[in-house]
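Note sheet for the following structure.
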Amino acid sequence: MRITEREIIIPATDYDLPGTLSSGQAFRWREEHNSWIGVIGNHWVRLRSSSNSIIAEVAEPVTDWSWLVDFLQTHLELKSVLATFPKDEPLGNAIRACHGLRLLRQNPWECLASFILSSTKQIVQIQQIVELLCIRFGEPVPVPPGHSPAYAFPSAMRLAAATEAELRDCKMGFRAPYLRETARMIHSGEVILERLYGMDVDDARAELLKLPGVGRKIADCVLLFAYGFQAAFPVDVWVMKALQHLYFPKRRPSRKRLEKFTQTYFGPNAGYAQQYLFHYMRTKQVSRRSDRP
DNA sequence: TCAGACCCTCACAG
DNA sequence: ACTGTGAGGGTCT
């Protein structure tokens, strides 16, 4: 007989759970009483950090926890990843300031849809939009007694069936037609997200770029956060600021030159380096509002 | 390559 | 309190 439990202790060293869950790669995690509540697939999940481990609780007993371990990527030895970073001062600062920051491994559809909604939005706003989307279109999932309702991320089929007005009601503005059309193309099989796992990074990116509302930056986010392609290096306004300031102080590099740089300088775990730069810039630097005289 | 448009919300200045 | 303004993990034309 197999053991089913509602709780599991997952060994995890060098793992900053709050930092990772709030670092702008996933948008459905809320802090509550020193723990983090979210939904993975059809599972309501509560996570909390302990010494060298993460304690996870779900609503109903499960036997197979691989979906959670895969999401958290706890097996990855962070030290060996950080060891491949170039030994420069900016990254050194970021590593020191963001100790234990990790990359998650998310569901491709949820990640794709979420990042389509991310363009020119602040992270809190993205969280709000995704939340509304799940409440309105997601299937309810079981929650422990006493907890507020939770919903799975809505399927591509469901979102393709929604009207543009219904989507705009979720405060996503001009992103609504992008999300709707992308949902349709995924549901119809014009782009098959499962196939990207077996492709090389350039082919996988080309597939994502077929989708409306998906440009280079969002494609690279999905490649990195959902598929684990380490060659993907999303360049957003924060990372661009870091790159310009730290590595190209003289003049702005061309797009081609910048791509060459990010694909070579940061080494085999460039995607990880990107997340450290992003999180460092966003959380640890002097904010622009307070650095006025 | 280079604008400008695109929705909407929030923070902040006055 | 109330309005004006700017900007936010971009993409498309």
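Letters A, B, ... mirror the listed sequences (proteins, then strands); counts begin at 1. On a predicted model such as this, the values are computed, not experimentally measured, just so you know.
- With respect to the salt-bridge test (charged N to carboxylate O, under 4.0 angstrom), the residues A/Asp202 and A/Arg205 qualify.
- More than 12 heavy-atom neighbours from other residues, nucleotides or ligands sit within 6.0 angstrom of CD on A/Glu164.
- In this structure, CG of A/Leu208 is placed 12 Å from P of C/dT11, rounded to the nearest angstrom.
- One atom, NZ of A/Lys121, and another, C1' of C/dG10, lie 12 Å apart when rounded to the nearest Å.
- You'll find the side chain of A/Leu243 reaches within 4.5 Å of the side chain of A/Thr262, heavy atoms only.
- When the shell of 6.0 Å around NZ of A/Lys256 is examined, it contains 12 or fewer heavy atoms from other residues, nucleotides or ligands.
- Spacing of C1' atoms, C/dC12 relative to B/dT9, comes out at 22 Å, to the nearest Å.
- Between A/Tyr280 and A/Tyr276, the ring centre distance reaches or exceeds 6.0 Å.
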DNA chain C base-pair string [pairs: Watson-Crick or G-U under 3.5 Å; |: paired with another strand]: .|||||||.||||
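- If you measure from atom CE of A/Met281 to atom C1' of C/dG8, you get 15 Å, rounded to the nearest angstrom.
- C/dG9 has no base stacking with the ring of A/Trp238 when judged by centroids under 5.5 angstrom apart and an interplanar angle below 30°.
- Against DNA chain C, the stretch residues 17-24 of chain A makes heavy-atom approaches under 4.0 Å through A/Ser23, A/Gly24.
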Salt bridge (Lys or Arg N to Asp or Glu O under 4.0 Å) between A/Glu190 and A/Arg184, intermediate numbers included: CA-CA 9 Å; A/Glu190 287 173 54; A/Arg184 189 197 63 73; 2.8 Å; yes
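- Residue-environment remark: CZ (A/Arg216) exceeds the threshold of 12 foreign heavy atoms within 6.0 Å.
- Residue A/Arg6 places its CZ atom among more than 12 non-hydrogen atoms of other residues, nucleotides or ligands, all under 6.0 Å distant.
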In a table with atom names and distances, give each donor-acceptor pair under 3.5 Å that connects a side chain of residues 7-17 of chain A to protein atoms at least two apart or in another chain.
from: A/Asp14; atom 1: OD1; to: A/His99; atom 2: NE2; distance (Å): 3.4
from: A/Asp14; atom 1: OD2; to: A/Lys79; atom 2: NZ; distance (Å): 3.3
from: A/Tyr15; atom 1: OH; to: A/Leu72; atom 2: O; distance (Å): 2.7
from: A/Asp16; atom 1: OD1; to: A/Gly19; atom 2: N; distance (Å): 3.0

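- No more than 12 heavy atoms of other residues, nucleotides or ligands shown are found within 6.0 angstrom of NE2 on A/His33.
- Rounded to whole angstrom, the span from the CZ atom of A/Arg216 across to the C1' atom of C/dG10 amounts to 14 Å.
- Within a 6.0 Å sphere centred on CG of A/Asp200, heavy atoms belonging to other residues, nucleotides or ligands number more than 12.
- Within the 4.5 Å cutoff, no side-chain heavy atoms of A/Ile116 are placed close to those of A/Met172.
- No more than 12 heavy atoms of other residues, nucleotides or ligands lie within 6.0 Å of CZ in A/Arg255, so this atom counts as exposed by the packing criterion.
- The distance from the SG atom of A/Cys170 to the CZ atom of A/Arg175 is 12.5 Å, given to the nearest 0.5 Å.
- Atom CG in A/Leu211 sits about 18 Å away from atom P in C/dG10, given to the nearest Å.
- Residues from residues 251-271 of chain A that place a heavy atom under 4.0 Å from any atom of DNA chain B, listed by number: A/Arg252.
- With P as the reference atom, C/dG9 and B/dG4 are 23 Å apart, rounded to whole Å.
- Distance CG (A/Asp236) to C1' (C/dA7): 14 Å, rounded to an integer number of Å.
- Relative orientation of the A/Phe266 and A/Phe233 rings is parallel, given thresholds of 30° and 60° on the angle between their planes.
- Counting to the nearest Å, the C1' atom of C/dC12 and the CD1 atom of A/Ile116 are 13 Å from each other.
- For residues 123-138 of chain A, proximity to DNA chain C is found at A/Ile123, A/Gln125, defined as any non-hydrogen atom under 4.0 angstrom from a strand atom.
- Distance NE2/A/His43 to CG/A/Leu68: 9.0 Å, rounded to 0.5 Å.
- As a whole-Å value, the separation of A/Gln106 CD from C/dG9 C1' is 13 Å.
- If you find the closest nucleotide of DNA chain C to A/Leu209 and to A/Pro234, the one lying nearer the 5' end belongs to A/Pro234.
- Within residues 168-182 of chain A, the residues that place at least one heavy atom under 4.0 Å from DNA chain B are, in residue-number order, A/Arg168, A/Lys171, A/Gly173, A/Phe174, A/Arg175.
- Within the nucleic acid shown, A/Glu164 has no heavy atom closer than 4.0 Å to any nucleic acid atom.
- Between the side chain of A/Thr84 and the backbone N or O of A/Val81 there is at least one donor-acceptor pair closer than 3.5 Å.
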